2 protein chains.
Amino acid sequence: MADISITNVIWSFNNKTKELLVLLLKNSEEQMWGLPTTYLRKTENAEESSLRLVREKIGVDLPLVNTEQLATFTDIHRAKKRELALTYMIYLPDMPGLVPGYGADDAQWFSIKPSSENYLLQHGKLSFETLDENIDRNEFYLQSDLFKNSNGLISDHALILRTAFNRIRNRLDYSPTILRILGPTFTLKKARIIYSILLRVSLTEIDNSNFRKTHKRLFLEVGTENIKGAGRPGKVYRLK
Amino acid sequence: MADISITNVIWSFNNKTKELLVLLLKNSEEQMWGLPTTYLRKTENAEESSLRLVREKIGVDLPLVNTEQLATFTDIHRAKKRELALTYMIYLPDMPGLVPGYGADDAQWFSIKPSSENYLLQHGKLSFETLDENIDRNEFYLQSDLFKNSNGLISDHALILRTAFNRIRNRLDYSPTILRILGPTFTLKKARIIYSILLRVSLTEIDNSNFRKTHKRLFLEVGTENIKGAGRPGKVYRLK
DNA sequence: GCTTTAAAAGTAAAAAGTACCTAAATAACT
DNA sequence: AGTTATTTAGGTACTTTTTACTTTTAAAGC
């Protein structure tokens, strides 16, 4: 009856600029940016489809455990034809190189950058106007009411992206899976950078010492940083 | 391509026996119990479909805000034909009367009752064998690995039910929407009963006084109980 | 009025969170 | 080599929250 699309929100991290990234593709037909999307095949379940999409667009072959269901969007008017969007989230370290692939003219990592209270899509920085705090609470109901295409993204991909952002933020306290974008291990500094972006506060507002205390239950110490640089080398952790 | 089914996990509460209830229907064809299910129509989104199902089975007409997306199950072999299950949760007070309706031979409220470590489906009591604590964390990945039909429920409805149970339990601390089954207002005693069932501890293990202190941020006092009975009448609250 | 029951309210100790400071480890500079 | 700047680990005292337990209050039944 309806077409089944699989849409991925793929997160990564720029180690040089310390930016939180999300992957967008430029649609050949409409020349608008949107999230990577494919169609579910007869022979695969949605998780497999989501990972196939990653393989096709980024050339990375991930095990099943690396994709995580976000939500399903079913609004009648969300696409030209009736189409359900089964959305997934994926966390990739190292900001892999991109190739546009079939149906896309361009592929780019967009930086999620808080600008005062808002996020704006400008100059390669992705940002939402008045990121609605209530979306996560309401994301499962009234999707049609929340439907707004305010960011110049294709279809309802702005809504999907906000839902993803809020989900990640709400999970920060007990399951900060977003830290996977830092690779298998990470320093507390990098973790704090991610937290500061998601919580939209400056890095100094997240106290180094207190962050260590309140989060050590989530992290496991596995060694010490061995990179060159000024200052004491940080300890290296991984997610428990 | 695939059929789209809408499956509801409908929760309620028995005010006399103080039991947490879930609605199951007996399938005419297979003579097995399962969750209420319908098929998505061209003219409706999934939330509307979920509420139509409630209306058809229980005769209650709810506003859109009363259904909440649980997860989408896409395993290739989850049904005889390829069929995606978009699942929703609904909280109904007063344990409404039931009519089997089309395709069902019986409709019943089943009590979720913890028996030691396990939950067993016996004598109208619904229960899971070794309710896996990890399902919620993993529910969005590896669904096919978790697929087990261990409760005599149709298809993968046992998995759906466990996913629902774990979701509710994890949300208890910050968004105890399950308390809607108590009606618009409730006493702390009743809230504690729900918590004790979900956390699988005895009522006395949830201290009355401390429960009040730790949960007052979630509840709003709206008056005092005016029912007849021994003991001081409890205050009445509603969800903030 | 006294006893029983059930819930609200109080108290003190423990645990967790917060603001701020000191110590340690490294690089760069004189 | 010794000093300084930089960065992160670790410590301390204070505040808030949670927890275990006790007391008070408000009703019903006799």
Side-chain angles (χ1 to χ4, degrees), chain A residues 13 15-18 169-176 179 182-183 185-196 198-238 240, chain B residues 13 15-18 169-176 179 182-183 185-196 198-238 240:
Chain A
F13 186 70
N15 269 301
K16 291 195 189 70
T17 61
K18 314 294 182 198
R169 193 160 52 160
N170 287 341
R171 289 195 171 183
L172 233 41
D173 280 337
Y174 61 100
S175 177
L179 297 181
L182 298 175
T185 62
F186 51 85
T187 58
L188 290 189
K189 177 74 175 289
K190 282 190 184 174
R192 280 171 56 226
I193 291 170
I194 304 294
Y195 275 67
S196 76
L198 291 169
L199 299 173
R200 287 184 287 172
V201 296
S202 72
L203 188 59
T204 50
E205 283 179 73
I206 303 176
D207 185 90
N208 180 354
S209 175
N210 295 337
F211 186 80
R212 178 176 294 105
K213 270 183 275 183
T214 52
H215 288 84
K216 68 173 170 220
R217 70 194 159 84
L218 298 170
F219 306 153
L220 194 72
E221 197 183 316
V222 289
T224 307
E225 220 179 1
N226 67 343
I227 55 149
K228 295 270 176 236
R232 181 174 175 170
K235 290 187 171 176
V236 171
Y237 298 81
R238 64 176 178 77
K240 263 187 185 158
Chain B
F13 185 69
N15 270 302
K16 291 194 188 70
T17 61
K18 314 293 183 199
R169 193 159 52 159
N170 287 340
R171 289 197 169 180
L172 232 41
D173 280 337
Y174 61 98
S175 177
L179 297 181
L182 299 176
T185 63
F186 52 86
T187 59
L188 290 189
K189 177 76 173 289
K190 282 191 182 173
R192 280 170 58 225
I193 290 170
I194 303 294
Y195 275 66
S196 76
L198 292 168
L199 300 172
R200 286 184 288 173
V201 297
S202 72
L203 188 59
T204 50
E205 283 180 74
I206 303 175
D207 185 271
N208 181 351
S209 175
N210 292 340
F211 186 81
R212 177 174 296 104
K213 271 182 272 186
T214 53
H215 288 83
K216 70 174 168 215
R217 69 195 159 85
L218 299 169
F219 306 153
L220 194 72
E221 198 183 315
V222 288
T224 307
E225 219 178 3
N226 67 343
I227 57 152
K228 295 269 175 233
R232 180 172 176 172
K235 290 186 173 178
V236 171
Y237 298 82
R238 63 175 179 78
K240 261 181 185 160

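In what follows, chains carry the letters A, B, and so on, assigned in the order in which the sequence lines appear, proteins first and then strands, with residues in each chain numbered from 1. When reading the values below, keep in mind they use all heavy atoms of this one structure, side chains included, and skip hydrogens, waters and symmetry mates. Predicted model, so just to flag it, every value in this text is computed and none were measured.
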Rounded distance in Å - CD (Glu225(A)) to P (dA27(C)): 11 Å
Side-chain heavy atoms of Tyr174(A) within contact of Tyr174(B), under 4.5 Å: yes
Of Thr224(A) and Tyr237(B), the one whose closest DNA chain C nucleotide lies more 5': Tyr237(B)
Given dT8(D), dA28(D), dA26(D), the nucleotide with the shortest approach to the side chain of Pro233(B): dA26(D)
Euclidean distance, atom CD of residue Glu221(A) to atom P of dT8(D) [Å, nearest integer]: 15 Å
Closest heavy-atom pair and its distance - Asn15(B), Lys190(B): OD1-NZ, 2.7 Å
Between P of dA27(D) and NZ of Lys235(B), the distance in whole Å: 12 Å
Gap between atoms CG and C1', on Asn226(A) and dA25(C) respectively (whole Å): 14 Å
Value in whole Å for how far the C1' atom of dA7(C) lies from CG of Leu203(B): 12 Å
Among Leu188(B), Val236(B), Thr185(B), the one residue meeting side chain to side chain contact (heavy atoms under 4.5 Å, CB included) with Phe219(B): Leu188(B)
Over all atoms of both residues, closest heavy-atom pair of Ala191(B) and Leu179(B): CA-CD2, 3.9 Å
NZ (Lys240(B)) with more than 12 external heavy atoms under 6.0 Å: yes
Closest non-hydrogen atom pair, Arg217(A) against Asp173(A): NH2-O, 3.1 Å
Nearest-Å distance for atom pair NE2/P, residues His215(B) and dA9(C): 17 Å
Pair Tyr237(B) + His215(B): ring centers closer than 6.0 Å: no
Nearest to side-chain heavy atoms of Lys228(A), which nucleotide of dA28(D), dA27(C), dA7(C): dA27(C)
Leu188(A) CG - dA25(C) P separation (whole Å): 17 Å
Base of dT26(C) paired with side chain of Arg232(A) (donor-acceptor, under 3.5 Å): no
Length of the line joining Lys18(B):NZ and dA6(C):P, which is rounded to integer Å: 12 Å
Footprint string (nucleotides 11-21 of chain D, 5' to 3'): B base within contact, S backbone only, - free, heavy atoms under 4.0 Å: BB------BBB
